[in-house]
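First the structure, in the form of structure tokens, and then the observations on it.
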Amino acid sequence: MLLHPRVVHRFAVATAVATYLLILIGGLVHGTGSSLACPDWPTCYGSLMPKMEGGVLVEHSHRLAAATVVILTLALAAMLTATAVKDAAMRRLRPFGWMAVGLVFVQALLGGITVKLRLPTPISTAHTGTSLLFFLTLVYIAVRSRPAPSVSPTVAPPSVARLALVAAVAIYFQMLLGGLVRHSGAALACTDVPLCRGSLWPDAHPTVLIQALHRLTGVAVALLVFASSALTLRRAWTRTGLRTLAIGAPVLVIVQIALGIRAVTSFLDLATVESHLAVATALLATQVLIALRADPATVPGPVSVGWFASMVRLAKPRITGMVIITFLGGLWLAPGEIAHWRTIMTLIGTALLVAASNALNMYMERDADALMDRTRDRPLPRAIVSPEAALAFGAGLTCVGIALVFLGSNLLTGLLGMLAVSGYVAVYTPLKRVSGAAVFVGAIPGALPPLMGWTAVTGHLDAPGLALFAVLFLWQIPHFLAIAIYRGADYARAGFKVLPLTVSARVTRATMLAFSVLLVAVTIALGPLRVAGPRYELVAALLGAVFIGWAAAGFRRSAETRWARSLFVYSIVYLTLLFVALAIDRTVA
Amino acid sequence: MSIRRAVLPLAAVYLALTACQKQTSSEPAPAAPAAPAPAAPAAPAAARGATGSGTIAGTVKLTGTPPEMQLTKRQADPYCAKTPVKEEEVVVGAGGGLKNVIVRVSKGVTGSYDPPAASATVDQSACMYRPRVQGIVLGQPVQIKNSDMTLHNIHGYKGASTLFNKAEIPGQPPMVQQFSDADQIVKLKCDVHPWMTGYVLVSSHPFFAVTGDDGSFKISGLPPGSYTLEAWHERYGAKTAEITVAADKPAQAAFAFEAK
């Protein structure tokens with residue numbers, strides 16, 4: 001074999017470094033206003049070697065450098081394929097080599113399209129996003145193709161790699177948002193720092209909000225990187241490579257924030273803007289390197305159609321769909337007008353946040369899920385998807401979801417969205433193992449989407465909106481306790497402290513009945529609050545009477561699980577009919 | 001074998017790129033080495049440029065379907081949003097005449113010319129540059145005025161490199177900008193309002209014109225002789241034509257750009 005693995009590794013490193021430089025040249029293209037210096041593509045003024053001056057020099061150099069990287073990438077993929085026959089490590093990397101080839105061609109195509117269409121913002125931003133994915137693929141190949149050292153290093157605890165992974169995902173999306181700042185012309189949408197037009201979240205056009213959001217999320221990303229470094233230093237001090245990265249990352253963060261401020265105050269001084277991109281890309285690399293090198297052994301599972309299907313399953317599409325219907329209910333019922341693009345952005349954002357909550361919940365409960373009949377077929381317990389992939393997926397959905405909700409609706413709705421995700425993932429999910437009262441906490445994020453629909457239109461909290469929230473909150477208590485009763489054995493096996501396992505059956509049923517009564521009371525109160533009219537009131541009262549009766553029946557029946565199952569089914573019918581009644585009432589009125 | 005060798009060319013490209021930025025010349029090729037001293041009295045060595053009674057008149061046309069100009073996306077700034085204005089990159093008048101084309105004598109004129117006594121003006125009004133395109137003679141100062149009740153920054157580019165970048169707050173007296181190199185087209189950008197674009201030709205002589213609404217132009221005061229005439233448009237680039245000017249009869253020139 002002519003190709004020693006070390007040669008392949010070095011070639012991968014060189015390609016990754018070349019790509020880093022290519023990204024920087026790409027930044028110069030926009031920074032110098034050279035994006036349309038060549039009106040045609042792929043040739044420039046019909047020539048492969050035009051007169052290299054002014055904007056043409058920058059734009060065409062970017063194209064020539066990109067062509068070089070395409071050649072390097074093809075060579076790398078070919079090397080990985082050639083060595084794959086004998087070397088298991090290279091065999092695992094081969095698909096990534098070809099994935100890099102695919103990405104670099106998509107990237108070139110996006111570059112061409114954006115020139116042909118004269119720089120539409122979404123295409124230019126996608127060009128930024130793909131460039132970073134391509135770079136990360138090369139970094140991955142470069143790190144994983146490294147021949148194993150003779151003395152294997154101590155493995156850092158998995159938390160080190162995972163926190164760095166979350167930080168990397170956050171930096172990636174922060175950079176994508178940065179690309180949007182640049183390409184949407186929001187870079188100087190506010191020229192004051194740190195406030196944006198005198199406020200953290202000005203009442204202004206979305207272009208201004210893109211800038212405001214990039215600043216706020218920048219602070220969040222900075223905190224994540226600090227946390228990642230602190231954890232790495234505490235848990236992996238003896239690993240000198242990791243230690244250097246962990247010390248360097250916060251320094252880069254501080255430089256990066258200073259550069260961001262200077263970019264605005266200097267009216268986009270070229271060197272500052274360019275350094276802002278260079279440091280961001282380097283920062284992204286530090287977190288990916290920490291994540292990959294903390295545990296040299298982790299290898300991703302095969303990526304297939306089944307893998308993608310499993311990623312979708314992580315989001316629990318059915319439950320997400322149901323939650324979205326309650327969101328639309330709130331949006332529909334709220335008084336006032338909302339632009340279509342706002343509805344669509346907020347809707348997609350909310351759906352992504354619900355999906356993110358589900359995926360992160362499955363990530364956190366992957367051990368418990370393996371113990372329960374209901375959940376042992378999920379992608380994580382079956383090891384179709386790696387915990388890292390699920391974590392990155394959940395973190396990514398959160399980033400995009402939060403950005404969409406903030407930009408599409410308003411500050412209040414965005415904060416409610418953050419409250420929903422953090423409440424579900426950081427409070428409810430861990431609390432389930434501690435206390436049966438978790439159900440009351442979990443019902444809060446569950447009831448927030450309809451309120452988000454409401455506040456997306458109204459922009460403030462008011463009694464009718466809160467009543468809508470209360471309906472969904474109260475409804476979940478009997479609904480989920482019914483599940484807990486008939487799935488009691490399963491939950492006990494997994495170690496979850498659901499209410500029926502921690503208090504007597506009588507207390508559980510009394511709780512269910514009490515919340516049913518409260519629920520019916522609030523649904524009827526929607527009339528006096530002017531959310532709905534008398535026709536709805538009649539339906540709510542009738543449906544409610546049946547609900548209370550059904551919940552009360554629990555005290556008499558001996559067949560406990562059958563009753564719980566039937567109440568669970570009725571609760572779904574009840575909520576559906578209630579919303580149908582609300583919708584009809586509103587349409588007729 | 002080739003790892004380090006693969007990195008080197010790329011690093012070289014990058015370094016060359018950043019280093020060359022300050023040296024590149026702008027799109028129109030310099031016609032003659034510019035006199036280094038901008039102020040006319042300080043240039044005794046350069047011969048006085050000749051003038052005459054020759055004129056060149058003509059039109060610049062756009063063939064094909066002109067691209068539709070969209071409204072500028074200016075909602076981000078509440079002040080600018082009060083006045084909706086369309087993009088003005090391609091403005092076509094009656095009979096396909098193309099507006100805002102710089103037509104200038106690019107070869108055939110030697111010697112130095114005094115700048116006009118009056119300064120030129122770029123006004124920032126309704127978040128647009130007025131005029132969008134104009135020419136000045138080297139040494140002629142340009143007053144940059146802010147008539148808007150919003151902040152503008154005036155970012156001047158020569159090719160891809162920055163010549164100056166200054167902010168102008170509402171109510172500030174006009175700033176005066178001097179240019180040191182002739183035969184270049186300086187691009188003006190406002191980074192706060194990315195749709196704002198303007199161009200100033202800095203010429204070593206007064207033989208230039210900017211096409212009007214109907215695409216027509218007229219250059220006068222030329223001594224008889226043979227010249228190269230260049231027409232430059234911000235989107236469609238430059239075209240040249242050879243032309244002979246006689247003292248008594250106006251020379252005719254016509255340019256056509258193709259819409260794409």
Side-chain angles (χ1 to χ4, degrees), chain A residues 7 9-15 17-22 24-25 28-29 31-34 36-37 39-40 45 51-59 61-62 64-65 68-69 71-72 75 118 121 184-191 204-211 266-271 274, chain B residues 1-18 20-21 23-29 67 70 72-78 81 89 150-155 157-162 165-167 169 184-185 187 189-195 197 234-237 260:
Chain A
V7 175
H9 166 66
R10 286 190 184 157
F11 193 82
V13 172
T15 311
V17 171
T19 302
Y20 182 76
L21 297 176
L22 176 62
L24 297 193
I25 300 176
L28 282 179
V29 171
T32 58
S34 311
L36 291 175
D40 46 348
Y45 288 107
K51 204 167 165 190
M52 295 290 261
E53 57 181 22
V56 174
L57 170 70
V58 184
E59 166 71 10
S61 299
H62 182 50
L64 294 179
T68 314
V69 167
I71 293 165
L72 290 176
R118 303 188 75 77
T121 304
S184 68
L188 288 176
C190 35
T191 45
H205 188 264
T207 306
V208 183
L209 296 180
I210 290 173
Q211 165 81 217
S266 70
F267 295 106
L268 310 183
D269 167 62
L270 180 63
E274 187 63 10
Chain B
M1 114 275 146
S2 60
I3 295 112
R4 291 199 176 83
R5 273 180 227 168
V7 183
L8 271 175
L10 270 155
V13 166
Y14 178 64
L15 285 177
L17 204 61
T18 40
C20 286
Q21 292 240 315
Q23 300 159 16
T24 51
S25 57
S26 70
E27 181 55 24
Q70 308 288 332
T72 51
K73 294 193 183 108
R74 47 173 62 206
Q75 286 79 13
D77 187 318
E89 192 184 14
T150 189
L151 172 105
H152 289 297
N153 78 306
I154 306 97
H155 196 156
Y157 287 94
K158 176 186 179 179
S161 59
T162 295
N165 185 3
K166 295 174 190 162
I169 57 168
Q184 56 165 331
I185 293 174
K187 182 179 184 180
K189 286 292 293 176
C190 174
D191 298 298
V192 184
H193 308 108
W195 64 89
T197 311
E234 54 182 286
R235 177 152 171 178
Y236 300 116
K260 51 186 172 191

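Note that this is a predicted model, so its numbers are computed, not measured. Letters A, B, ... are given to chains in the order of the sequence lines, protein chains preceding strands, and every chain is numbered from 1. For the numbers below, each heavy atom of this structure counts, side chains included, while hydrogens, waters and symmetry mates do not.
For a residue to count as touching a neighbouring chain, one of its non-hydrogen atoms must lie under 4.5 Å from one of that chain's; by this rule E89(B) touches chain A with the side chain only. Both the backbone and the side chain of A167(B) come within less than 4.5 Å of a heavy atom of chain A. Of the atoms belonging to S266(A), it is backbone heavy atoms, and not side-chain ones, that fall under 4.5 Å from chain B.
Side-chain contact check for Y157(B) versus L270(A): every heavy-atom pair is 4.5 Å or farther apart.
Screening R74(B), K73(B), H152(B) for a side-chain hydrogen bond (donor to acceptor under 3.5 Å, both in side chains) with H193(B), the sole residue that qualifies is H152(B).
When the side chain to side chain contact (heavy atoms under 4.5 Å, CB included) test is applied to L268(A), the partners found at least two apart in sequence or on another chain are A187(A), L188(A), V273(A), D191(B).
Going from atom NE2 of H62(A) over to atom CG of L22(A) covers 5.5 Å, rounded to the nearest 0.5 Å.
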